[in-house]
A.B. asks: 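What follows is a structure written as structure tokens; I'll ask about it next.
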Amino acid sequence: MMSYQKRFWLALVLSLPMLVDMLLMPFGVMMPGYNWIALVTTTLIMAFAAYPFWRSAYAAFKHHNANMDTLVALGTAVAYFYSIFAMATGRPVYFESAAFITVFVLLGQVFEERMRNNASSAVEKLLDLQAKEATVLRAGKPVKIPLDQVKVGDLVQVKPGEKIAVDGIVVRGDSLVDESMVTGESMPVEKTRGEPVIGSTLNTDGTLVFEAKKVSAETLLSQIVELVKKAQTSHAPIQKLTDKISNYFVPLVMILAIVTYVVWYVFLGASAITALLYAIAVIVIACPCALGLATPTALMVGTGRSAKMGVLIKNGEVLELVDQLKTIVLDKTGTITEGKPVVTDVVGEDSGLVLTVAASLEADSEHPLAQAILKQAEQEQLKLSPVTDFKAQKGMGVTAKFEDQVAFIGNERLLGDDELTTEQQQTLHDLQAQGKTVSLVGLAGKVIGMIAIQDAPKPTSEQALALLQAQGLKTVMLTGDNERAAQAIAKEVGIDEVIAGVLPQEKANYIEQEQKQGKTAFVGDGINDAPALTTADVGIAMGAGSDIAIEAGGIVLVQNDLMGVVKALKLSQKTFQRIKLNLFWALIYNVVGIPIAAGVFVAWGLTLSPELAGLAMAFSSISVVGSSLLLNKVKI
């Protein structure tokens with residue numbers, strides 16, 4: 001089946017001779033054999049390029065309905081068949097009206113088709129994340145088998161750097177597992193005997209053996225896939241504003257054209273040809289070129305400008321919804337926050353020594369907390385010392401000799417006989433109450449300080465949230481992180497409400513509950529956010545996030561900054577308002593032009609022939625395009 005793009009180019013090329021003739025006409029030059037050329041090219045346009053409009057109009061007619069395509073089919077048919085009659089009787093022809101109506105409306109369809117071709121492939125990308133095979137223990141020996149052969153109860157072995165195949169419970173071993181792709185939590189999670197593991201997450205440290213509890217469609221990732229599918233298919237297409245208008249406008253135009261003919265022919269005694277010309281003028285000036293261009297041209301300009309500002313608007317349906325938003329829900333990790341741990345506090349009498357000891361001990365570690373400490377030491381240009389007798393204590397920290405003195409860094413379990421002073425205990429409690437991960441640093445048998453690490457808010461998050469609230473939007477943080485950490489970040493950035501400790505499917509459920517109170521947007525960046533992004537009325541994905549989140553979102557922020565959300569909503573609102581303005585201007589031409597075309601003002605010498613009606617129709621299209629181009633000048 002021929003695409004709209006191919007039909008558009010076909011119609012455009014075939015209409016070029018008529019365009020040339022129109023340009024030559026003011027100079028009194030007539031293309032030789034123009035009528036026959038116009039007949040042949042317009043016939044081909046009607047038969048091939050305009051076919052979808054004829055088919056759609058006929059389908060609407062069978063259901064006693066009317067849409068945009070009804071006007072396209074009716075306008076092109078009247079102009080085409082009248083031109084054949086006019087050509088046979090030596091009158092002026094209007095083939096160009098039929099041809100250019102088709103070209104303009106097809107241009108709008110091309111823009112819409114391009115958006116449909118960029119439809120989401122989020123489900124396929126989610127499925128690609130799954131491990132392809134698993135190592136199961138058979139008679140105590142590891143055997144690799146395809147993923148679909150893993151059964152509930154199998155003992156599965158996973159080595160460092162491998163993906164965990166299915167959901168299960170650890171039976172032996174301990175390790176750190178990166179669950180950020182599913183939970184959104186940036187910190188690796190320690191897994192020991194009895195701890196649950198999630199399929200498709202990454203084992204980063206030790207070797208684990210776990211018992212498979214959920215396989216195939218029961219795994220968490222598979223459930224996320226189903227949620228995305230459900231959310232994508234549950235959204236009913238928004239009825240186009242132009243279709244809503246056409247539903248009333250098309251029958252009205254048809255009635256007016258018939259009334260015009262009857263009044264002139266029956267009551268005013270005009271000839272049948274004169275009455276027909278008035279009726280054709282009514283239909284031609286009412287033809288929906290401007291209506292057809294109102295939405296796609298504004299969308300093209302608006303989305304083009306937004307792209308330059310780092311905001312990608314993926315479809316036109318988003319625009320209308322943005323205008324109706326009541327609540328904006330945001331993920332925490334990677335959206336409000338940086339998505340990676342940073343050192344926020346170095347506590348101790350000699351903070352430089354505290355950081356130097358910690359960084360020296362962590363110099364060769366790949367752990368995210370260690371990397372945060374090393375980065376801070378590098379920023380402060382501290383000189384590290386080599387350490388000896390290095391020992392890693394699983395789940396507690398590390399010890400080593402620093403400048404011939406025993407040093408350590410880790411959590412409270414590493415202290416042993418070393419005790420914290422009352423002041424240090426209070427400091428530790430205060431830092432932990434702020435949702436921070438605290439590492440204790442010791443030297444020569446005593447704790448010399450503490451280093452607090454946290455996934456810190458982005459610099460612009462507080463300002464962006466304040467601007468969103470100033471627009472009357474309720475702001476909600478929805479995160480898989482713990483309550484304490486979430487509340488600490490929320491207090492820092494000034495968010496209205498916090499919902500913490502939620503799983504991916506629970507995020508989608510919360511969005512559904514919030515939608516009962518009004519239109520809801522969701523901002524996120526992780527795989528775990530995909531169901532919520534597709535469930536929300538407007539999904540806004542951070543551009544530095546996962547491909548799945550980007551595919552699932554209706555708006556993508558290239559610059560990975562919450563100020564982009566403010567820009568996205570403003571740009572969407574301005575573009576939608578421009579579409580409404582374009583529709584208003586498109587209809588104004590009809591409100592003013594139809595009475596003139598019908599001959600209402602003929603007594604005052606004001607008439608509109610089909611040719612002039614076609615010119616007015618073209619001018620209305622130009623004005624709509626001009627209005628859309630002004631979007632480039634609108635202040636955001």
A.B. asks: As a test of understanding, state which of Thr535, Leu533, Leu478 forms a side-chain contact (heavy atoms from CB on, under 4.5 Å) with Lys507.
C.D. replies: Leu478
A.B. asks: Ignoring hydrogens and geometry, is there a side-chain-to-backbone donor-acceptor pair from Ser56 to Pro52 under 3.5 Å?
C.D. replies: no
A.B. asks: Given side chains that start at C-beta, do those of Leu562 and Gln463 come closer than 4.5 Å, heavy atoms only?
C.D. replies: no
A.B. asks: Could you tell me the separation between the CG atom of Leu19 and the CG atom of Leu24, rounded to the nearest 0.5 Å?
C.D. replies: 9.5 Å
A.B. asks: Whether the side chain of Asp537 engages the backbone of Thr520 through a donor-acceptor N/O pair (distance < 3.5 Å, no angle test) should be reported.
C.D. replies: yes
A.B. asks: Tell me if a side-chain donor or acceptor on Trp264 pairs with a main-chain N or O of Ala598 at a distance below 3.5 Å.
C.D. replies: yes
A.B. asks: Are the side chains of Leu39 and Val93 in contact, using a 4.5 Å heavy-atom criterion?
C.D. replies: no
A.B. asks: Between atom CZ of Arg578 and atom CG of Leu631, what is the distance when rounded to the nearest 0.5 Å?
C.D. replies: 5.0 Å
A.B. asks: Around atom CH2 of Trp585, are there more than 12 heavy atoms of other residues, nucleotides or ligands at under 6.0 Å?
C.D. replies: no
A.B. asks: Taking all non-hydrogen atoms of both residues, which atom of Ile555 and which atom of Ala568 are closest, and how far apart?
C.D. replies: CG2-CB, 3.8 Å
A.B. asks: Counting distance only, does the side-chain N/O of Thr260 pair as donor-acceptor with the main-chain N or O of Ala279 below 3.5 Å?
C.D. replies: no
A.B. asks: Would you say Tyr80 and Ile45 make side-chain contact, with heavy atoms under 4.5 Å?
C.D. replies: no
A.B. asks: Rounded to the nearest 0.5 Å, how far apart are CG of Asp323 and CD of Gln573?
C.D. replies: 5.5 Å
A.B. asks: Side-chain contact test, heavy atoms from C-beta onward, threshold under 4.5 Å: evaluate it for Phe576 versus Val322 and give yes or no.
C.D. replies: no
A.B. asks: Taking all non-hydrogen atoms of both residues into account, name the closest pair between Val476 and Lys474 and its distance.
C.D. replies: CG2-CE, 3.8 Å
A.B. asks: Should Leu106 and Leu12 count as side-chain neighbours, where that means a heavy-atom distance under 4.5 Å?
C.D. replies: no
A.B. asks: For Phe95, which of Ile37, Val40, Ile84 qualifies under side-chain contact (heavy atoms from CB on, under 4.5 Å)?
C.D. replies: Ile84
A.B. asks: Could you tell me whether the side chains of Thr607 and Tyr278 share a donor-acceptor contact shorter than 3.5 Å?
C.D. replies: no
A.B. asks: Are Thr327 and Gln517 side-chain neighbours, meaning at least one heavy-atom pair lies under 4.5 Å?
C.D. replies: no
A.B. asks: If you compare all heavy atoms of Pro92 against all heavy atoms of Ala86, which two are closest, and at what distance to 0.1 Å?
C.D. replies: O-CB, 3.3 Å
A.B. asks: Carefully, step by step, assess Leu569 and Ile540 under the rule side chain to side chain contact (heavy atoms under 4.5 Å, CB included).
C.D. replies: CA-CA 10 Å; Leu569 298 188; Ile540 304 175; 4.1 Å; yes
A.B. asks: Closest heavy-atom contact between Ala532 and Ile511?
C.D. replies: CB-CG1, 4.1 Å
A.B. asks: Test side chain to side chain contact (heavy atoms under 4.5 Å, CB included) on Lys519 and Val538 and set out the steps.
C.D. replies: CA-CA 8 Å; Lys519 299 296 183 185; Val538 178; over 6 Å; no
A.B. asks: Between atom OH of Tyr94 and atom CG of Leu277, what is the distance when rounded to the nearest 0.5 Å?
C.D. replies: 6.0 Å
A.B. asks: Is there a side-chain contact between Ser83 and Thr42, using heavy atoms and a 4.5 Å cut-off?
C.D. replies: no
A.B. asks: In this structure, are over 12 heavy atoms from other groups packed under 6.0 Å from Phe85 atom CZ?
C.D. replies: yes
A.B. asks: Tell me which pairs pass side-chain hydrogen bond (donor to acceptor under 3.5 Å, both in side chains) where either residue lies in residues 9-29, with sequence neighbours left out.
C.D. replies: none
A.B. asks: Working to the nearest 0.5 Å, report the span between OG1 of Thr460 and CG of Asp561.
C.D. replies: 3.0 Å
A.B. asks: Should we count OH of Tyr34 as having more than 12 external heavy atoms under 6.0 Å?
C.D. replies: yes
A.B. asks: Give a yes or no on whether Met563 atom CE has more than 12 heavy-atom contacts from other residues, nucleotides or ligands under 6.0 Å away.
C.D. replies: yes
A.B. asks: Show your working on side chain to side chain contact (heavy atoms under 4.5 Å, CB included) between Gln471 and Ile328 and close with a plain yes or no.
C.D. replies: CA-CA 11 Å; Gln471 293 181 35; Ile328 184 160; over 6 Å; no
A.B. asks: If you compare all heavy atoms of Ala464 against all heavy atoms of Val566, which two are closest, and at what distance to 0.1 Å?
C.D. replies: O-CG2, 3.7 Å
A.B. asks: Does atom NZ of Lys458 have more than 12 heavy-atom neighbours, drawn from other residues, nucleotides or ligands, at distances under 6.0 Å?
C.D. replies: yes
A.B. asks: Taking the side chain as everything from C-beta on, heavy atoms only, tell me whether Asp529 gets closer than 4.5 Å to Met542.
C.D. replies: no
A.B. asks: Using 0.5 Å steps for rounding, measure from the OG1 atom of Thr102 to the CZ atom of Phe53.
C.D. replies: 7.0 Å
A.B. asks: Taking Arg7 for the side chain and Phe48 for the main chain, is one N or O donor matched with an acceptor at less than 3.5 Å?
C.D. replies: yes
